J.: 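Let me give you the structure first, and then I'll get to my questions.
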Amino acid sequence: MLIDRPGFSRDVLSELLEGLSDMQLVTELPDVVVVDDRRFADAVALMRSGVPTIVLGADDDPGFALRAQRHGASRWVLKESVSTVLPGLLRHVSASS
């Protein structure tokens with residue numbers, strides 16, 4: 001599941017995720033949630049219910065990553081490294097769940 005604001009960033013992330021042959025975007029019962037930091041509040045209930053969650057953010061301030069971790073996020077990823085980090089991380093997190 002991808003939670004992000006409409007726009008260029010979401011379009012790029014959707015293309016990246018849809019291009020992974022062993023992954024599928026869903027709207028219900030996700031194995032893993034990928035959420036933009038600006039939409040973080042929309043994923044808190046899923047995180048607290050145990051769904052592995054990867055939070056994407058543009059700011060490398062450790063406070064943002066700490067906040068995500070306190071709410072149960074599995075990982076914080078800088079948006080600038082999404083194309084290199086996210087595919088492998090998704091496979092690792094989904095295999096662990």
Side-chain angles (χ1 to χ4, degrees):
M1 177 179 282
L2 171 64
I3 301 173
D4 197 354
R5 292 179 182 181
F8 179 76
S9 178
R10 184 173 75 180
D11 294 344
V12 170
L13 285 168
S14 291
E15 282 184 34
L16 174 73
L17 295 172
E18 289 171 351
L20 300 173
S21 62
D22 55 344
M23 299 288 159
Q24 179 181 2
L25 284 174
V26 298
T27 56
E28 295 181 17
L29 302 174
D31 292 326
V32 179
V33 172
V34 177
V35 62
D36 182 277
D37 181 57
R38 296 168 296 172
R39 299 285 308 267
F40 184 79
D42 297 333
V44 170
L46 289 166
M47 284 186 276
R48 289 186 177 157
S49 71
V51 176
T53 303
I54 301 167
V55 181
L56 309 177
D59 194 326
D60 63 354
D61 181 332
F64 290 106
L66 183 59
R67 178 192 68 167
Q69 185 180 28
R70 278 195 314 259
H71 286 283
S74 304
R75 183 80 184 266
W76 172 272
V77 175
L78 281 173
K79 283 190 171 182
E80 65 187 36
S81 61
V82 162
S83 63
T84 57
V85 174
L86 189 59
L89 186 57
L90 281 168
R91 290 180 182 106
H92 174 74
V93 171
S94 63
S96 300
S97 58

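In this chain, numbering begins with 1 at the start of the sequence shown. All of these numbers come straight from a predicted model, not from anything done at the bench.
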J.: As a quick check of understanding, evaluate side chain to side chain contact (heavy atoms under 4.5 Å, CB included) for M1 and V35, giving each step before the final call.
T.: CA-CA 8 Å; M1 177 179 282; V35 62; over 6 Å; no

J.: CE of M23 to CZ of R91: how many Å apart, nearest 0.5 Å?
T.: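 Output value for this atom pair is 5.5 Å.
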
J.: Going from CZ on R67 to CG on D61, what distance comes out if it is rounded to the nearest 0.5 angstrom?
T.: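 So the CZ of R67 and the CG of D61 are separated by 10.5 Å.
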
J.: Under a 4.0 Å threshold between the charged nitrogen and the carboxylate oxygen, would D37 count as salt-bridged to K79?
T.: no

J.: Any chain of hydrophobic side-chain contacts (each under 4.5 Å) joining L16 to L2?
T.: yes

J.: Of all the heavy-atom pairs spanning S74 and P52, show the shortest one and how long it is.
T.: OG-CA, 3.4 Å

J.: If you take all heavy atoms of W76 and G57, which pair is closest and at what distance?
T.: CZ2-CA, 3.6 Å

J.: Count I, L, V, M, F, W, Y as connected when their side-chain heavy atoms are under 4.5 Å apart, and connections chain through other members. Are I3 and L13 then in the same cluster?
T.: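 No; tracing contacts between hydrophobic side chains, which count when under 4.5 Å, never links both residues.
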
J.: Set out, in order, the CA-CA distance, both residues' side-chain angles and the distance that settles side chain to side chain contact (heavy atoms under 4.5 Å, CB included) for L89 and I54, then state yes or no.
T.: CA-CA 9 Å; L89 186 57; I54 301 167; 3.8 Å; yes

J.: Salt-bridged, D4 to R38, with N to O below 4.0 Å?
T.: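 The answer is yes: the pair qualifies as a salt bridge.
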
J.: When rounded to the nearest 0.5 angstrom, what distance separates CG in L56 from CZ in R10?
T.: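 Taking CG in L56 and CZ in R10, the distance rounds to 13.5 Å.
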
J.: Decide yes or no for R75 and V77: does some side-chain heavy atom of the first lie under 4.5 Å from some side-chain heavy atom of the second?
T.: yes

J.: Run the salt-bridge test on D42 and R39 with the 4.0 Å N-O cut-off and return the result as yes or no.
T.: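 Salt bridge present between D42 and R39.
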
J.: Mind checking whether V93 and V34 sit in one hydrophobic cluster, side chains of I, L, V, M, F, W, Y counted as touching below 4.5 Å?
T.: yes

J.: Heavy atoms, side chains only, cut-off 4.5 Å: are R5 and S9 in contact?
T.: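 Counting from C-beta outward, R5 and S9 never come under 4.5 Å.
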
J.: Under a 4.5 Å side-chain heavy-atom rule over Ile, Leu, Val, Met, Phe, Trp and Tyr, are L20 and L86 clustered together?
T.: yes

J.: For the hydrophobic clusters of this structure (ILVMFWY residues joined by side-chain heavy atoms under 4.5 Å, transitively), does one cluster hold both F40 and V33?
T.: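 Shared cluster, yes.
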
J.: If hydrophobic residues (ILVMFWY) are linked whenever their side-chain heavy atoms come closer than 4.5 Å, directly or via other members, who joins V12 in its cluster?
T.: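 When side chains under 4.5 Å apart are linked, the cluster holding V12 also contains F8.
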
J.: Heavy atoms, side chains only, cut-off 4.5 Å: are R48 and H71 in contact?
T.: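 Answer yes - side chains close enough.
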
J.: Using atom types as modelled and distance alone, determine if a side-chain donor or acceptor of T53 lies under 3.5 Å from a backbone N or O of V51.
T.: yes

